[in-house]
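Each chain gets a letter, A, B and so on, in the order its sequence line appears, and its residues count up from 1.
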Amino acid sequence: MTNPSAIQPELHSALEQELRMARLKKIEEYRARGKNPYPPSFECATTAGALQREFESLEKGEETEIRTQIAGRIRSMRNSGMFIDLQDKDGKIQVFCHPDSLNADNFEELKLLDIGDIIGVKGRIRRTPRGELTLNAESFDILSKSLHPLPEKYHGLQDQETRYRQRYLDLIMNDETRNTLRKRAEIIQEIRSYLQAHGFLEVETPMLHPIPGGAAARPFKTHHNTLDMELYLRIAPELYLKRLIIGGLSDKVFEINRNFRNEGISTRHNPEFTMLELYQAYADYKDIMHLTESLVAHVLEKIFGTLILPMGDKMIDFTPPWAKESMCSLVQKHTGINFLEIKDAEAAQAAAQKIGIKVEASAGWGNVIEKVFEERVEAHLIQPTHVTDYPLEISPLAKTHRADGRLVERFETFINTWEIANAFSELNDPVEQQKRFDLQVKNRESGDTEAHHMDYDFLKALEYGMPPTGGLGIGIDRLVMLLTNSSSIRDVIAFPTLKHKA
RNA sequence: GGGCGCGUAGCUCAGUCGGUAGAGCAUCUGACUUUUAAUCAGGUGGUCACAGGUUCGAAUCCCGUCGCGCCCA
């Protein structure tokens with residue numbers, strides 16, 4: 001049994017304690033009247049938003065005999081509680097508490113109500129002479145008493161840090177936060193329904209990996225006590241989804257789930273983030289390109305009813321087909337250098353240095369191209385663009401390009417300068433895959449902490465035969481950022497990773 | 001990891017040249033009672049992020065630490 005008057009460590013000031021004690025006292029008074037301040041349920045007949053729509057045409061000053069009941073949080077009170085603004089999931093409605101209609105018991109209990117309390121109200125609908133749709137309360141019940149004051153009613157909650165640390169307050173106070181996080185849920189719902197309608201099977205693969213694989217990234221490490229075994233939080237589901245394709249669980253599988261990468265935090269990076277990965281047997285990267293476009297276009301049409309959205313001060317046009325150009329061609333366009341004519345790493349490094357781009361002495365031909373691309377091309381990719389035909393050297397899981405052995409069949413889609421999608425014709429030659437892993441292991445030994453690990457278990461699976469397969473990864477958080485015009489990934493993740501507060 | 005900025009009442013914010021800590025909202029008391037950020041009168045409320053330094057005197061100047069934001073890597 002805890003002492004309700006005990007000082008909580010989070011409550012520093014005397015005022016905060018005082019406010020809390022005053023509200024605890026009101027709870028006791030309410031109980032003393034035989035009422036339960038935390039009742040088990042309340043039957044809502046409608047919502048504020050639904051009422052606003054339903055009675056849109058009710059004239060000023062018009063009263064009805066229509067009774068309804070509604071629940072919500074008290075956002076403000078005027079005239080000593082005579083007028084209460086109630087907020088629920090989809091709107092606000094004014095509640096009028098006057099002894100003419102409100103029962104005598106409840107009228108006495110008005111002084112026990114505070115801003116922030118959740119109440120249920122029964123009453124009749126009218127529109128006031130000033131034009132406000134109003135519920136003339138006949139009775140109310142406290143459904144949950146709030147022990148803390150809400151942020152300032154006019155300016156709301158502004159402090160960025162508090163908005164992240166106490167997201168529930170941000171959600172109560174800021175419509176924009178509610179809208180963004182609801183849009184996120186809708187976007188994911190639409191992705192699911194599109195993929196399910198196109199024959200994809202939704203699956204779940206492990207979060208705990210004995211060997212972190214499927215991406216170039218540093219993992220979080222953890223330990224299983226009973227098995228006495230090191231495990232890693234997954235950096236990508238790729239190698240397990242391919243095992244499902246090998247097994248023929250379905251020719252089309254997808255997973256929408258969290259990945260974890262033990263790297264920096266920025267407006268575009270959160271240590272845990274949500275990824276869509278899908279694999280389609282007998283398809284190549286060109287098929288996946290079309291799939292990517294129609295998937296995203298479907299989401300936009302369903303949710304926004306348009307294919308053109310604002311992002312910052314720009315307009316992004318998602319209408320398929322999207323621009324498509326090879327990485328080397330884009331690099332040549334922006335630097336004048338045609339790397340396809342450059343044969344070795346030394347010459348590539350020299351070409352990059354000549355235009356003022358520093359590259360490491362160990363950088364191979366492909367690494368140099370990637371670096372030049374990042375520094376000179378990415379910033380220009382505003383409208384949706386598939387960048388194709390990446391260097392093999394930086395793509396250890398992709399199939400060698402059918403027309404050029406130095407490249408792979410891969411594309412990344414850039415929108416608003418951000419990488420949104422990454423896709424390949426998947427490498428399904430186990431001998432070739434082993435060579436690629438060997439090279440990665442060598443890179444790791446020479447200091448590349450993001451290089452892939454050798455994974456014999458996966459190689460063994462490949463050796464049983466994986467059909468030709470196209471694969472796609474889409475960063476859901478960044479996609480949601482684009483579609484909700486959000487400038488920080490923290491705005492599209494309900495509870496972003498934060499440091500301990502001092 | 002580097003640079004810049006921010007941190008003052010529960011919330012939103014002022015705080016001049018270094019001279020006793022301020023406002024609005026919220027809250028409490030009272031008045032009023034069909035309001036719309038209700039209004040009127042009065043009151044409560046402060047670890048000025050934390051720690052040190054300079055100074056007769058620091059929210060203010062300096063150093064360090066922590067947290068948040070923005071830009072860069």
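Atom C1' of nucleotide B:rU34 and atom CG of A:Asn136 are separated by 10 Å, given to the nearest angstrom. Rounded to a whole Å, the CG atom of A:Asn174 is 12 Å from the C1' atom of B:rU12. Counting to the nearest Å, the P atom of B:rU36 and the CE atom of A:Met82 are 13 Å from each other. Counting to the nearest Å, the P atom of B:rU36 and the CZ atom of A:Phe96 are 13 Å from each other. Whole-Å rounding puts the A:Glu62 CD to B:rU34 C1' distance at 17 Å. Between A:His155 atom NE2 and B:rC11 atom C1' there is a gap of 10 Å when expressed in whole angstrom units. Spacing between atom CG of A:Asp100 and atom P of B:rU33 amounts to 14 Å, rounded to whole angstrom units. A straight line from CG of A:Leu133 to C1' of B:rU35 spans 15 Å, rounded to a whole angstrom.
Atom P of B:rC66 sits at a distance of 24 Å from the matching atom of B:rA59, rounded to the whole Å. If you take atom P in B:rG69 and the same atom in B:rA37, they sit 32 Å apart, rounded to whole Å. A distance of about 33 Å separates the C1' atoms of B:rC61 and B:rC25, rounded to the whole Å. For the P atoms, the distance from B:rA23 to B:rA9 is 14 Å, rounded to whole Å. Only the P atoms considered, B:rU65 is 42 Å distant from B:rU27, to the nearest whole Å. Rounded to the nearest Å, the gap between the P atom of B:rA38 and that of B:rA14 is 23 Å. Straight-line distance between the P atoms of B:rC63 and B:rA26: roughly 41 Å, to the nearest whole Å. Here the separation of B:rG15 from B:rU54, taken at their C1' atoms, is 22 Å to the nearest Å.
Classification of the A:His453-A:Tyr232 ring pair by plane angle, with boundaries at 30° and 60°, yields tilted. Between A:Phe437 and A:His452, the ring planes are tilted. Angles from 30° to 60° get that label.
Counting non-hydrogen atoms under 4.0 angstrom, A:Arg126 reaches a base of the nucleic acid. Residue A:Gly156 is in sugar-phosphate contact alone, with no base atom involved, counting any heavy-atom pair closer than 4.0 Å across all strands shown. Residue contacts shown for A:Asp85 are absent, as no nucleic acid heavy atom lies under 4.0 Å away. Contact annotation for A:Tyr164: backbone-only contact, meaning every heavy-atom pair under 4.0 Å involves sugar-phosphate atoms and none involves a base. As judged by a 4.0 angstrom heavy-atom cut-off over every strand, A:Ser80 is placed among the base-contacting residues. Residue contacts shown for A:Glu132 include a base, since a base heavy atom lies under 4.0 Å away.
A cation-pi contact, defined as under 6.0 Å to the ring centre and within 45° of the axis, links A:Lys183 to A:Phe304. A cation-pi contact links A:Arg410 to A:Tyr390, judged by a cut-off of 6.0 Å to the six-membered ring centre and 45° from its axis. A cation-pi arrangement is present between A:Arg490 and A:Tyr164 under the rule of less than 6.0 angstrom and at most 45 degrees off the ring axis. Within the cation-pi definition used here (under 6.0 Å to the ring centroid, within 45° of the axis), A:Arg126 qualifies as a partner of A:Phe96.
Pair check for B:rU65 finds B:rA49; Watson-Crick or G-U wobble, both atom distances under 3.5 Å. Under the Watson-Crick and G-U wobble criteria, each requiring two contacts below 3.5 Å, nucleotide B:rA14 is left unpaired. Nucleotide B:rA9 is matched to nothing when pairs are restricted to Watson-Crick or G-U wobble geometry with both distances under 3.5 angstrom. In a base pair of the Watson-Crick type (N1 to N3 plus N6-O4 or O6-N4) or a G-U wobble (N1-O2 and O6-N3), with each distance short of 3.5 Å, B:rC40 is matched with B:rG30. Using Watson-Crick or G-U wobble geometry with both donor-acceptor distances under 3.5 Å, B:rG1 finds its partner in B:rC72. In this entry B:rC56 has B:rG19 as its Watson-Crick or G-U wobble partner, both defining distances falling under 3.5 Å.
A:Val359 is not listed as a side-chain neighbour of A:Asn367, based on a closest heavy-atom distance of 4.5 Å or more.
Of the candidates B:rC71, B:rC68, B:rA38, the closest approach to any side-chain atom of A:Asn79 belongs to B:rA38. Of all nucleotides listed (B:rA26, B:rU35, B:rG69), B:rU35 comes nearest to the side chain of A:Gln94. Candidate nucleotides B:rA38, B:rA26, B:rU12 were compared by shortest atom distance to the side chain of A:Asp159, and B:rU12 ranks first. Of the listed nucleotides (B:rU34, B:rC11, B:rG67), B:rC11 has the atom at the smallest distance from the side chain of A:Pro151. Nearest nucleotide to the A:Lys499 side chain, out of B:rU34, B:rG67, B:rC13: B:rG67. Which of B:rU44, B:rC11, B:rU34 sits closest to the side chain of A:Glu18 comes down to B:rU44.
The side chain of A:Arg130 places no N or O atom within less than 4.0 Å of a non-bridging phosphate oxygen (OP1 or OP2) of B:rU34. A close approach under 4.0 Å does not occur between any side-chain nitrogen or oxygen of A:Lys26 and OP1 or OP2 of B:rU27. Here A:Lys153 does not reach the OP1 or OP2 of B:rC11: none of its side-chain N or O atoms lies under 4.0 Å away. OP1 or OP2 of B:rA38 lies within a sub-4.0 Å distance of a side-chain N or O belonging to A:Arg78.
Of the two residues contacting RNA chain B, namely A:Ser76 and A:Ile115, the nearest-nucleotide position lying further toward the 5' end is that of A:Ile115. Where A:Ala22 and A:Gln160 meet RNA chain B, the nucleotide closest to each residue was compared, and A:Ala22 sits on the side nearer the 5' end.
Evaluation of atom-type donor-acceptor distances gives a pair under 3.5 Å for the side chain of A:Thr128 against the base of B:rU36.
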### Query
Between A:Asn136 and A:Ser101, is a side chain to side chain donor-acceptor pair (under 3.5 Å) present by the stated rule, with each step listed?
CA-CA 7 Å; A:Asn136 270 7; A:Ser101 52; 4.8 Å; no

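Judged by distance alone, with hydrogens and angles left aside, the side-chain atoms of A:Thr47 form a donor-acceptor pair with the main-chain N or O of A:Ala50 at under 3.5 Å.
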